[in-house]
Q: 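Okay, handing you the structure first.
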Amino acid sequence: MSDSQIRFVDGAGYERFMGQWSQRAGDVFLDWLAPPGGQRWLDVGCGNGAFTERLAARGAPAALTGIDPSEEQLAYARLRPALQAAAFFQADAMALPFADNAFDAAVMPLVIFFVPDPATGVAEMARVVRPGGLVAAYGWDMLGGFPYREWREELQAIGAAMPMPPSVEASQMENLLALWNGAGLIGLETRKITVERTFVDFDDYWATLLLGPSVAGLLATLEPAALARIEERLRRRLPTDGDGRLTRSARAHAIRGRVPVATD
């Protein structure tokens, strides 16, 4: 959602790299939201539909709409059998192409730190949700809980810094509260979400890393020997269990609030 952005154009690759993480965190998030059935939902930054699919299964929505700037990701989302009744649009989170009060609820899963102006993005969600409706989000703790933080640290150690989202600070809980307060939302609640993912072995983990959209261009600039050194350092750094499996954890921050109802 910015010119220097990390671009997500490979739906299948994203599914392996981040979609599975998103689904794990999304399940906890949906448990927390306990969405009632029969609601009109908007998924802002739906990507390849990993969370949208969970919402369709858990929320029994009356209508489900997703927006994302990547047409490639949307094409993948449209192929999901569970989302054949959903509507998807290529659009910007800071300029939602919908009328005021068009939805009962809007969610922004793992997206807030990609929005160049998060305050505008939250305000747009509040605008398109009816009075009394829900506005919620969750995002990785980019400063300490990102799923592949060790990978990022090893790249930084050799001076090959990974591109970062434009609004990393928005991933912090105090900033989420400020954004939701700034949009005039009420009844705010927050929670931390911790999830784990187990890889078959280190080679499975490494192959998944190489699919990351944030490093595709960076990898092309690295000498094979440098990449091999990073692989070996990570192999030594990350322990496996007795069966060779590698389990990693990640932490996300979640927030929810309501659009106020006008009183006479």
Side-chain angles (χ1 to χ4, degrees), residues 1-9 18 22 25-26 29 33 39-49 51-52 55 63-71 73-74 77 87-143 146 163-190 213-214 252-262:
M1 294 179 185
S2 82
D3 291 340
S4 60
Q5 66 191 291
I6 300 163
R7 297 188 180 276
F8 301 100
V9 296
M18 192 58 72
S22 175
F29 180 63
L33 292 185
Q39 300 277 292
R40 300 165 298 163
W41 284 84
L42 173 64
D43 184 352
V44 179
C46 64
N48 75 352
F51 175 82
T52 325
L55 179 56
L64 182 54
T65 302
I67 71 104
D68 198 86
S70 169
E71 185 56 44
Q73 290 279 74
L74 292 172
F88 293 101
F89 301 92
Q90 186 176 22
D92 188 330
M94 297 182 295
L96 295 175
F98 307 110
D100 297 355
N101 309 329
F103 300 95
D104 299 302
V107 290
M108 186 181 277
L110 304 179
V111 169
I112 189 71
F113 34 73
F114 287 114
V115 181
D117 183 351
T120 298
V122 178
E124 275 291 273
M125 286 197 292
R127 177 184 67 79
V128 302
V129 169
R130 63 166 174 81
L134 176 72
V135 176
Y138 72 97
W140 300 122
D141 174 2
M142 296 298 291
L143 301 182
F146 184 65
M164 294 290 282
S167 303
V168 169
E169 69 284 350
S171 70
Q172 301 307 287
M173 197 73 85
E174 63 272 19
N175 293 326
L176 288 173
L177 282 165
L179 289 167
W180 260 245
N181 273 311
L185 297 163
I186 61 174
L188 305 188
E189 298 178 86
T190 63
S214 58
H253 293 153
I255 188 167
R256 63 186 179 190
R258 297 276 175 183
V259 177
V261 177

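Predicted model, so just to flag it, every value in this text is computed and none were measured. Along the sequence shown, residues carry numbers from 1.
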Q: Begin with the C-alpha distance, continue with both residues' side-chain angles, and end with the deciding distance and a verdict on side-chain contact (heavy atoms from CB on, under 4.5 Å) for T190 and L176.
A: CA-CA 9 Å; T190 63; L176 288 173; 5.9 Å; no
Q: Please report the closest heavy-atom contact between S171 and L143, naming both atoms and the distance.
A: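 Closest heavy-atom pair between S171 and L143: OG-N, 4.4 Å.
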Q: Under 4.5 Å between any side-chain heavy atoms of L42 and L96, yes or no?
A: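 A side-chain contact under 4.5 Å exists here.
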Q: Has the side chain of W140 got a donor or acceptor atom that lies under 3.5 Å from a matching backbone atom of F113?
A: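 Looks like no, no N/O pair under 3.5 Å.
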Q: Check step by step if side-chain contact (heavy atoms from CB on, under 4.5 Å) holds for V259 and V135.
A: CA-CA 7 Å; V259 177; V135 176; 4.1 Å; yes
Q: Closest approach of A170 and P118, non-hydrogen atoms and distance?
A: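 What the structure gives for the nearest pair is CB-CG, 4.0 Å.
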Q: Taking W180 as the fixed residue, which of R258, E189, M125 is the one that meets the side chain to side chain contact (heavy atoms under 4.5 Å, CB included) rule?
A: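 So the option named by the test is M125.
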Q: List the atom of V44, the atom of P109, and the distance in Å for their closest heavy-atom pair.
A: O-CD, 3.5 Å
Q: Specify the closest pair of heavy atoms between L33 and R256, including all atoms of both residues, with the distance to one decimal.
A: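 Closest heavy-atom pair between L33 and R256: CA-NH1, 3.6 Å.
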Q: Are D141 and Q172 close enough that a side-chain donor and a side-chain acceptor fall under 3.5 Å?
A: yes
Q: Could you measure the distance from the CG atom of L110 to the CZ atom of F51? Nearest 0.5 Å is fine.
A: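 Those atoms lie 9.0 Å apart.
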Q: Hey, what do you get for CG (N48) to CZ (F88), rounding to the nearest 0.5 Å?
A: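 It comes to 9.5 Å.
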Q: For the backbone of L74 and the side chain of D68, can you confirm whether one donor and one acceptor N or O come within less than 3.5 Å of each other?
A: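 Pair absent, no side-chain N/O of D68 close to backbone of L74.
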Q: Is the ring pair F89/F98 parallel, tilted or perpendicular, if the boundaries are 30 and 60 degrees?
A: perpendicular
Q: On a heavy-atom basis, which atom in P116 and which in S167 lie closest, and how many Å separate them?
A: O-OG, 3.4 Å
Q: Spell out, as yes or no, whether a donor-acceptor pair under 3.5 Å connects the side chain of R130 to the backbone of D104.
A: no
Q: NE2/H253 to CD1/I112 distance, rounded to the nearest 0.5 angstrom?
A: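 Going from the NE2 atom of H253 to the CD1 atom of I112 covers 13.5 Å.
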Q: Test side-chain contact (heavy atoms from CB on, under 4.5 Å) on V115 and M108; report intermediate values, then the result.
A: CA-CA 10 Å; V115 181; M108 186 181 277; 4.3 Å; yes
Q: Looking at every heavy atom in both A252 and Y138, which two are closest together, and how far apart are they?
A: CB-CD1, 4.3 Å
Q: Answer whether the closest heavy-atom distance between the side chains of I255 and L185 falls below 4.5 Å.
A: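 Answer no - side chains too far apart.
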